[in-house]
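Here is the naming used below: chain letters follow the sequence lines, and residue numbers restart at 1 for every chain.
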Number of protein chains: 2
Amino acid sequence: MVISAGVKGHASEERLVITPTMEDVAARAGVSRALVSLVMRGSPKVSTRRREAVLHAAEELGYAPHAAARSLASRNSRILGVLVSDLHNPFFAEIIDGIDATAHAEGFELVINTGGRSPARERAAVTNLLSFRPAGVLLLGPAVPASVISDAAARLPVVLVARGSRLASVDTVQDHGKVGSALAVDRLVELGHGRIAHFDGGRAAQSAARRTGYRTAMRGHGLEPDVIPSEYTEVAGEKAAAELLARGDHLPTAVLAANDVNAIGAISTFGRAGLRVPEDISVVGYDNTSLAAFRHIGLTTVDQPRAEMGRLATEALLQRVRGERTTPVRHLLRPSLVERTTTGTAS
Amino acid sequence: MVISAGVKGHASEERLVITPTMEDVAARAGVSRALVSLVMRGSPKVSTRRREAVLHAAEELGYAPHAAARSLASRNSRILGVLVSDLHNPFFAEIIDGIDATAHAEGFELVINTGGRSPARERAAVTNLLSFRPAGVLLLGPAVPASVISDAAARLPVVLVARGSRLASVDTVQDHGKVGSALAVDRLVELGHGRIAHFDGGRAAQSAARRTGYRTAMRGHGLEPDVIPSEYTEVAGEKAAAELLARGDHLPTAVLAANDVNAIGAISTFGRAGLRVPEDISVVGYDNTSLAAFRHIGLTTVDQPRAEMGRLATEALLQRVRGERTTPVRHLLRPSLVERTTTGTAS
DNA sequence: ATACAGGATTGGAGCGCTCTAACTGGTAGA
DNA sequence: TCTACCAGTTAGAGCGCTCCAATCCTGTAT
């Protein structure tokens, strides 16, 4: 049986501490640990004299609060978990950019995990994320079954980006693909185009919405839709363009591509075939990736406000975290058309 | 004075616990908390019967260990801190991709922080990162003063990516800019080029190495270096190309641009001036961003293996974390030339 | 001088976990 | 029968912090 314990000691010894604790700062400033805690949390009920003494001591020791200890003791965390289905995809990178800015402005840190496009790995990633007991999580384009999402949502606030949900406990942020396509079609019609083809994105995310929007808009103008199955890649864009060219005469005068990369593929095929863009054929992309902005390319495209999506998702999450809202929010972002040099009046 | 404390109680009550703790699992499995801890850490010294009982109880309760409590108690963490000077830049996004893969394979999680190109914000970000008491930190292209780096390195393993250091306590991972430039020059000379200009990257990172490599290689071939000050942007590339054109006759037959984006700017200016690439002038980029690979662009460029850099950086960091090495490592990655369609024989 | 208010400060318990040392109940050797 | 041993298990302290309640001031009113 230990008789005399209690001599904490290490704080009073003036040896160099590798990673100082609150106790060390308190000893150096000649105050209690609790007071240091108050100062570190910016409490107003500390006298100026003590506050300065504490800050000075902390500075000298190079002290920074231990986040894990802090969140353990306070039973809440300043961490937001982020699951990205694919970090490689710049689309998500730019959304994270928006999340990052908003979260940091509100004093939250990000713990980022990737799913690598595999539902099994994503599931593990979610469990991992939850082990940090974050204040909430943001799932970017997750491929996990809905049950994983509802389980998580039962424990903490969850926001889905680029994926829908019917759960009342989760918020969602997506772009309005139908509107985006319609925007492009409307403008092309305005420019005098009547034969407008659409290269679609196959079974990939958002593809159906864009296709439907295209069809509806065409019919609204009394025009016949002309969908050519394609994919979200450059090669698929080249292939779809080649199919179009193989028709011979009566070519469309404009193409709404599946996305930017697909549009660029189409443009190179048209170019090799001797067609000038936009004089002979107009091309519109989708996403407004940084790619589209290069003068060398100058792609007219539908802008999907990715950073904005990140911001909205984070704000929605923080509202739940703070308990300001319990009803679900469904953000459907309004896309906009960015006109550059690949569109012109119909020939 | 409290006489009878000790009745923790909450574990034995069978009510639904929102976020179960080890205590809850122990109560349900009919064992001690310590045993649950052993099971969760995969200790071999637990009987099969108990192990299964514990895992079963954990499964039923949906229990996952609390990472913060775990790292607080064990005094070490499974977190790696990552500071990105600019998440917006795809160059870093791809490096993070490599870091992410390696770290997760080794069971580490990433806490990512951005500096937003401002040394002051980066400094704050480093402090923030350290508050998580990560096992180590990776600084990607940091702009902070060297003192911040050495302070951090005094506390934990630090690896610098895309920045050099003389500190024995930090490892560095960079690409060998001199070699990359030389590679491009050598190949151009092989193609018969004699007048090769270089648009440089000004004061930005890696710029000096690339410039020096260019100069040395040129002199090695008995050729006169011709450096035109520029920057890592498309606009700067356009401007440098215009300067070149303004010289009138005796134009170079090839240009080694500062980077890919700079090269694309140069190509558009050349194109507008009626020069064909590569028939009239060859252009080589640097970085091999995804941009360069587009067939529409087909840029010949020097490849910098970004994912590989992320992997090497993470491995170096983990070696230090595990105490396997204390001597510094300086990775100088060997770049390679990727030939596409913007280079040809000298006219 | 005495009481009191209210701001400033502090002790101590406890967050969920790990880790050491100690304990348990067999089993085997003397 | 006694001791030794060992795999399996557990109690208890403590990681660095927050938060509550209790205590200590200091100035002002009485």
**Q.** Angle between terminal axes - the helix from dA1(C)-dT30(D) to dA30(C)-dT1(D), 5 pairs each end, rounded to 10°
**A.**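 Inter-axis angle at the ends, rounded: 70°.
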Can you list the residues that meet the side-chain hydrogen bond (donor to acceptor under 3.5 Å, both in side chains) rule with [X], with sequence neighbours excluded?
| X | answer |
| --- | --- |
| R311(A) | E308(A), E315(A) |
| E106(B) | R322(B) |
| Q319(A) | R325(A) |
| H104(A) | D100(A), E109(A), N113(B) |

Nucleotides 10-12 of chain C: which of its N/O atoms have a protein N/O under 3.5 Å away?
from    : atom 1 : to     : atom 2 : distance (Å)
dT10(C) : OP2    : S32(A) : N      : 3.0
dT10(C) : OP2    : S32(A) : OG     : 2.9
dT10(C) : O5'    : S32(A) : OG     : 3.4
dG12(C) : N7     : R33(A) : NH2    : 3.4
dG12(C) : O6     : R33(A) : NH2    : 3.0

Mind listing the side-chain donor-acceptor pairs of residues 131-141 of chain B below 3.5 Å, one per line with the distance, residues two or more places apart or on another chain?
from    : atom 1 : to      : atom 2 : distance (Å)
S131(B) : OG     : N128(B) : O      : 2.6
R133(B) : NH1    : A64(A)  : O      : 3.4
R133(B) : NH1    : L130(B) : O      : 3.0
R133(B) : NH2    : A64(A)  : O      : 2.7

All side-chain contact (heavy atoms from CB on, under 4.5 Å) counterparts of [X], not counting sequence neighbours:
| X | result |
| --- | --- |
| S165(B) | L160(B), L167(B), V170(B), T172(B) |
| A58(B) | V25(B), Y63(B) |
| P328(A) | A168(A), D171(A), R320(A), R330(A) |
| A103(A) | L80(A), F108(A), L110(A), T314(A) |

Q: Please figure out whether R133(B) or R49(B) has its closest DNA chain D nucleotide nearer the 5' end.
A: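 Upstream on the strand: R49(B).
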**Q.** Residues in contact with DNA chain D, drawn from residues 39-47 of chain B - heavy-atom cutoff 4.0 Å
**A.**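 Correct list: K45(B), V46(B), S47(B).
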Q. Between R75(A) and dC15(C), is there a side-chain N or O to OP1/OP2 distance below 4.0 Å?
A.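 Looking at the OP1 and OP2 atoms of dC15(C), neither is under 4.0 Å from any side-chain N or O of R75(A).
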Q) Given side chains that start at C-beta, do those of S37(B) and M22(B) come closer than 4.5 Å, heavy atoms only? A)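 S37(B) reaches M22(B) side chain to side chain.
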Q | Gap between atoms CG and C1', on L72(A) and dC15(C) respectively (whole Å) | A |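 Whole-Å distance recorded here is 4 Å.
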Q.
Among dT18(D), dT18(C), dG16(D), which nucleotide has an atom closest to any side-chain atom of H66(A)?
A.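 Out of dT18(D), dT18(C), dG16(D), the nucleotide with an atom closest to H66(A)'s side chain is dG16(D).
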Q) Considering only side-chain heavy atoms of Y63(A), which listed nucleotide, dC17(D), dT18(D), dT18(C), is closest? A)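 Looking only at side-chain atoms, Y63(A) lies closest to dC17(D).
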